[in-house]
Peer 1: 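Here it is, the structure, as structure tokens.
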Amino acid sequence: MFLTIITSKKRTFKLRLRQCDTDVCLYHAEQVRYLSVMDKAISRLNPKQKEAVMHTEGPLLILAGAGSGKTRVITTRVAYLLSLGVPAGAVLAVTFTNKASKEMRERAMSILQGNGYKTPLISTFHSLCLNILRREIDKLGYRQDFTIFDSSDQHSLLRNILSEIKFEDKSFKPEHIMERISMTKNEMARSRTGKTASPDDIAIISEMVYPKYHEAMKTLNAVDFDDLLLLTLQLFRDHPAVLDKYRFRFRYIMVDEYQDTNRVQYNLIHLLSGERKNLCVVGDDDQSIYGWRGADPGNILDFEKDFPGTVIVRLEQNYRSFGHILQAANGVIKNNKKRMEKSLWTERDQGPKVNIFRATDGDDEAQWVADRVELLKFEKKASYDDIAIIYRANLFSRPFEEALRKNRVPYTVVGGTSYFEHREIKDLAAYLKICANSSDDLSLMRIANVPKRGLGPTALGRLAAFSKENSISLLQAMRRAGEISELGDKIKNNAADLARLIDKNTSLFRTKREMNKAFRSLIEEINYRDYLHELHKNPKAALSRIEAYEDFILSMAHYESKESAPSLHGFLEALALTDLMNEKDEKKMFGVTLISLHSSKGLEFPVVFIVGVEEDILPHKKSVGDVEEERRLFYVGITRAMKELFITHTTHRIKYGKDVPSNPSRFIEEIPVEVLKKIDRFEKETPEQAENSAKAFFANIKDMLGE
DNA sequence: GTTAGTTCTGTTTTT
DNA sequence: CAGAACTAAC
């Protein structure tokens with residue numbers, strides 16, 4: 001059935017309707033007014049992009065090469081759907097990061113310029129699932145007030161389990177076992193690329209421990225990140241009525257970064273899209289760099305097979321990089337066997353060639369880069385903000401930080417140790433967690449003796465045993481500490497006091513208008529400040545810890561001010577699922593950016609340095625199994641650069657305290673020689689270069705003195 | 001129950 | 001080398 005809408009401006013729109021889309025009709029009349037806004041946005045697209053935007057019904061695969069205007073296409077498409085009269089509630093766009101979803105939301109809505117359009121649901125996989133589970137999880141036998149365990153929670157739980165079953169073999173680290181459990185949960189075993197099929201020792205152990213872990217999580221009334229997805233999938237599989245509800249609701253589904261989806265995510269999307277298959281996925285198999293985390297590039301490679309009738313749109317025009325950079329990228333990536341054929345092209349100039357520099361060692365490399373950064377600043381008038389230094393592993397940031405500091409160059413390190421890793425934040429968060437979820441024995445265990453309140457391991461062991469015998473929570477056991485005859489009177493009181501403290505604050509968080517005030521007084525009540533001073537003998541360190549938790553309180557205040565119905569659960573969810581702390585600091589990003597190859601995906605910089613491009617680092621020695629993914633990683637790095645790209649490597653490098661010779665990465669040879677330029681440190685400046693740099697130098701001084 | 005010394009180990013990490 | 005985690009003595 002076709003419905004034709006006649007607009008005031010002699011423009012006709014054909015809208016195909018399906019039987020279940022009756023509510024579309026109700027909307028069209030008021031939408032026609034806004035088509036001109038939409039037309040403007042669409043007119044800015046190239047033909048391929050236009051095709052992707054206007055194809056609204058049936059499965060659509062958008063293969064979006066790096067820098068091909070992917071975000072513009074997705075956001076325009078969302079806006080386009082709304083402009084057609086599709087109700088906002090029927091549109092679902094799923095992303096991986098909060099940053100991406102935020103950007104998508106803002107840009108899509110800005111295309112429509114308000115005009116009374118409601119915002120569709122644009123969310124990450126995890127928060128989408130959380131929202132569904134909050135409503136439906138009782139159907140799976142969980143309690144509604146569950147909390148989310150982050151990886152350090154998981155880790156310590158697993159540690160407990162291992163010691164409980166007296167698994168003492170230290171050669172198996174809890175992290176590795178946890179990683180394996182996570183892979184199992186993400187249905188890696190059933191993956192089509194699945195090479196994890198061969199059962200090794202870790203697989204055997206994790207298989208043994210997984211049921212115990214799962215059981216423990218359930219009694220703790222907690223779910224982990226994987227569970228959010230897995231339980232939602234289970235919900236959809238076991239409760240068709242629930243699935244139908246969401247299927248009916250989400251009639252237009254879009255998935256960003258589809259190459260990064262794992263099997264569970266694939267199944268979720270598959271189920272949700274249902275018969276209708278109004279599913280649009282966007283991705284680039286060449287940028288699939290999360291295979292080690294369960295991402296299955298097979299999902300994008302086989303999309304056509306999985307969804308018959310798929311229309312494929314290739315976005316290959318690159319708007320980001322100069323020609324030489326693109327040729328380097330193409331030259332490298334074409335060595336991969338398993339990929340969808342595509343080749344980026346640009347209308348832009350060739351630009352400078354790709355610079356290769358060989359340093360003697362890591363410090364030399366860092367110093368050279370830092371000096372080059374200054375040269376760029378003064379000679380080419382580049383801003384520090386325009387420059388990024390990208391490395392394979394976060395630990396490489398160190399020498400660059402030092403060299404930049406030495407040159408007085410401002411910089412920002414992205415990633416690395418996150419805010420949550422700090423002990424004081426984890427401690428205080430544990431207080432919040434036990435208040436939010438009285439079954440969370442793990443958090444209670446963590447803070448039972450922090451600060452010291454005379455509840456050592458032995459006392460806690462007794463309490464834990466008592467809770468087990470009576471199948472009650474640890475908190476409940478503390479409330480009833482008086483009944484435990486093995487405990488001394490003092491300990492009984494200590495435990496009961498703690499239980500009272502938790503109970504009191506639990507109700508305070510529930511009733512008090514401003515949670516952050518309650519939080520602050522809780523921190524004061526437990527004398528956490530003094531505890532920190534005891535812990536760190538030099539007052540400077542203690543003070544910085546105090547500042548850190550002050551920030552934490554501030555972020556709670558921030559959360560409360562922006563949320564319409566703030567709650568402790570809500571805050572903890574935001575804490576687990578979004579990077580609350582970095583959110584605030586986002587604007588503070590300035591200077592040269594130091595970032596890992598992985599986190600650089602999606603970003604762009606006029607000048608990029610990819611450093612440490614050596615064998616055993618860039619194809620990393622631990623990922624020999626998947627050189628193609630390493631190559632994609634390099635490809636991602638190259639395609640971040642807009643104007644100028646530098647690639648550096650060393651002749652020897654200190655690794656774990658030992659000096660080892662290093663060889664240039666095999667990937668460097670894959671860059672066509674005609675786009676390469678080897679830079680020699682001792683190369684003298686040509687007279688005109690010298691003149692230019694002198695000019696630039698003086699111009700810069702003038703700048704600094706004058707305006 | 002805490003502390004200082006010792007051994008061990010070493011990617012990437014959107015949530 | 002450096003941080004974590006474990007052990008052995010206060």
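Proteins get letters first, then strands, A, B, ... in listed order; numbering begins at 1 in each.
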Peer 1: How far, in whole Å, is C:dC6 from B:dT11 if one measures between their C1' atoms?
Peer 2: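 Comparing C1' positions in B:dT11 and C:dC6 gives a spacing of 24 Å.
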Peer 1: What nucleic acid atoms does A:Asp260 come within less than 4.0 Å of, heavy atoms only: base, sugar-phosphate, or nothing?
Peer 2: base
Peer 1: Provide the start and end nucleotides, 5' to 3', of the part of DNA chain B that has atoms under 4.0 Å from heavy atoms of chain A.
Peer 2: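 Boundary nucleotides touching chain A, in 5' to 3' order, are B:dG1 to B:dT15.
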Peer 1: Base, sugar-phosphate, or nothing for A:Lys452, non-hydrogen atoms under 4.0 angstrom?
Peer 2: sugar-phosphate
Peer 1: Between the side chains of A:Ser101 and A:Thr124, does any donor sit under 3.5 Å from an acceptor?
Peer 2: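 No, no side-chain donor-acceptor pair sits under 3.5 Å.
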Peer 1: Between A:Gly456 and A:Ser596, just flag the one whose closest nucleotide in DNA chain B comes earlier from the 5' side.
Peer 2: A:Gly456
Peer 1: Heavy atoms under 4.0 Å, any strand shown: does A:Ile289 hit a base, just sugar-phosphate, or nothing?
Peer 2: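 Touches nothing.
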Peer 1: Before giving the answer on salt bridge (charged side-chain N to carboxylate O under 4.0 Å, His left out), spell out for A:Glu628 and A:Arg339 the whole-Å C-alpha distance, their side-chain angles and the decisive distance to 0.1 Å.
Peer 2: CA-CA 10 Å; A:Glu628 298 217 341; A:Arg339 68 181 210 107; over 6 Å; no
Peer 1: Hey, are A:Tyr531 and A:Asp427 close enough side-chain-wise for a donor-acceptor pair under 3.5 Å?
Peer 2: no
Peer 1: Within the 3.5 Å criterion, strictly below it, is a donor on A:Tyr210 or A:Arg180 matched to an acceptor on the partner's side chain?
Peer 2: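 No pair is found: no donor N or O on one side chain lies under 3.5 Å from an acceptor on the other.
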Peer 1: Look at A:Arg398 and C:dG3 and indicate whether a side-chain polar atom (N or O) is within less than 4.0 Å of OP1 or OP2.
Peer 2: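 Checking C:dG3 against A:Arg398, a side-chain N or O does come within under 4.0 Å of OP1 or OP2.
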Peer 1: Is it true that the side chains of A:Tyr213 and A:Gln154 contain a donor and an acceptor less than 3.5 Å apart?
Peer 2: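 Indeed, the side chains of A:Tyr213 and A:Gln154 share at least one donor-acceptor pair under 3.5 Å.
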Peer 1: Just checking, any donor-acceptor pair under 3.5 angstrom between side chains of A:Tyr142 and A:Asp227?
Peer 2: no
